[in-house]
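Just so it is clear, the values below take in all heavy atoms, side chains as well, and ignore hydrogens, waters and symmetry mates. Predicted model, so just to flag it, every value in this text is computed and none were measured.
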Number of protein chains: 2
Amino acid sequence: MATRTAAERRAETAAAYDAFLAACPTRQLLDRIADKWVGLLLVALADGPCRYSELARRLASVSQKMLTQTLRRLERDGLVVRTVTPAVPVRVEYALTPLGQGLRPIMQAIKGWAEANMDEVVAARAAYDRRAAAS
Amino acid sequence: MATRTAAERRAETAAAYDAFLAACPTRQLLDRIADKWVGLLLVALADGPCRYSELARRLASVSQKMLTQTLRRLERDGLVVRTVTPAVPVRVEYALTPLGQGLRPIMQAIKGWAEANMDEVVAARAAYDRRAAAS
DNA sequence: CTGCATCCCGTGAGATACTG
DNA sequence: CAGTATCTCACGGGATGCAG
């Protein structure tokens, strides 16, 4: 059957686009690094391995749940390695893998742009809000 | 009063950290560009101004609500300009500002890393899941 | 010390219907 | 054509309590 409604065709296009997006490497990377705690964790681990409790202290406001969850995700993605030293009490250390290290230039680029341009963005926001308030 | 419980001190540290995070330019930029549709919109607008309906067509699966919402945010941040041509029917064009253009190298860097390394990440995930399944 | 399980709630995104 | 308004629902994330 060659005849489809316009709505059907649109739905197909959208489905194909969704599939494309789900597979898009850039989207996946963006989703990963934009996570609330990932960036902080990457920084915290940048200068060497770190214990769980030490990480909890550095990221002062992270909940245990989110810290563990984020670390697991990074471990699964091969960006971080988890090393357990059996002892009493247990000692667990996290460290960046070479792959995780490779993320640093990216984060640096983002940080650089942000520090150079975010004040302009903030100014734009203020101007926009002023116009909106004057309506 | 100089004496506070350990819990109080921790709460203060966390609050201060939260305030720091909220003000952090890098966090703000990350939150903005990691938005599901922002990256796509940036690409769609990269080669010149574009009408609302044209954008809707290019980002096949975006809802009107999200398209408008995302465009408003970008406009507010001074990354995009909205130009209304009064006519019947109305014609609205969106275009990148110079500030918005400046984001392209960042997005390129992210895209570059993703295309170069995400297959390794995917492999790491598969290996991790295999180990988990074998438990 | 390092974590997992559970409950709870706010935000955000989609669907749908209506307007200048 | 280019939106706005409202409803609903799922998911993320915090708090808390328990366990190896």
Using whole Å, report how far CE of B:Met66 lies from P of D:dA2. 19 Å
Taken to the nearest whole Å, CD/A:Gln69 to C1'/C:dA5 is 13 Å
Closest to side chain of B:Val90, choosing from C:dG20, C:dC4, C:dG14: C:dG20
Can you tell me if the side-chain N/O atoms of B:Arg82 get under 4.0 Å from OP1 or OP2 in D:dG3? yes
A:Leu21 CG to C:dA13 P, straight-line distance once rounded to whole Å: 14 Å
Should B:Tyr94 be listed as having a side-chain N or O under 4.0 Å from OP1 or OP2 of D:dG3? yes
For residues A:Arg73 and A:Gln69, is any side-chain donor paired with an opposing acceptor at under 3.5 Å? yes
Send over the distance from B:Tyr52 OH to D:dT4 P, rounded to a whole Å. 8 Å
Looking only at the side chains, is there a donor atom on one of A:Gln28 and A:Arg32 sitting less than 3.5 Å from an acceptor on the other? no
CG of A:Asp18 versus C1' of C:dA13: gap in Å, rounded? 13 Å
By side chain to side chain contact (heavy atoms under 4.5 Å, CB included) - contacts of B:Cys50 (at least two apart): B:Leu45, B:Glu54, B:Leu55, B:Arg58
With a 3.5 Å distance limit and no angle check, can you tell me whether B:Thr97 reaches the backbone of B:Gly78 through a side-chain donor-acceptor pair? yes
With respect to the phosphate group of D:dA2, does any side-chain polar atom (N or O) of B:Ser53 fall under 4.0 Å of OP1 or OP2? yes
Salt bridge between A:Asp31 and A:Arg27, side-chain N to carboxylate O under 4.0 Å? yes
Using a 3.5 Å distance criterion without hydrogens, assess whether the side chain of A:Trp113 forms a donor-acceptor pair with backbone atoms of B:Gly102. yes
Residue mapping more 5' on DNA chain C - nearest nucleotide basis, A:Pro89 or A:Lys65: A:Pro89
Side chain of A:Trp37 - closest among D:dT4, D:dG14, C:dG14: D:dG14
Close residues, residues 40-51 of chain B, relative to DNA chain D [heavy-atom separation under 4.0 Å]: B:Arg51
So does A:Leu79 get a backbone contact from the side chain of A:Asp77, meaning a donor-acceptor N/O pair under 3.5 Å? no
May I ask you to say whether A:Glu12 pairs ionically with A:Arg10, meaning some side-chain N is under 4.0 Å from a carboxylate O? no
In this structure, how many angstroms lie between the P atom of C:dT2 and the CD atom of A:Glu75, rounded? 15 Å
I need the OH-P distance between B:Tyr17 and D:dG14, as an integer number of Å. 13 Å
Tell me whether B:Thr26 contacts the main-chain N or O of A:Ala114 through its side chain, where contact means a donor paired with an acceptor under 3.5 Å. no
Given C:dT11, is OP1 or OP2 found less than 4.0 Å from the side-chain N or O atoms of A:Lys36? no
Write out a two-atom table: protein N or O, nucleotide N or O from nucleotides 17-19 of chain C, distance below 3.5 Å.
none

Checking side chain to side chain contact (heavy atoms under 4.5 Å, CB included) against A:Tyr94, which of A:Thr83, A:Leu41, A:Val80, A:Leu74 comes through? A:Val80
In whole angstroms, the gap separating C1' of D:dG3 from CZ of B:Arg72 amounts to 7 Å
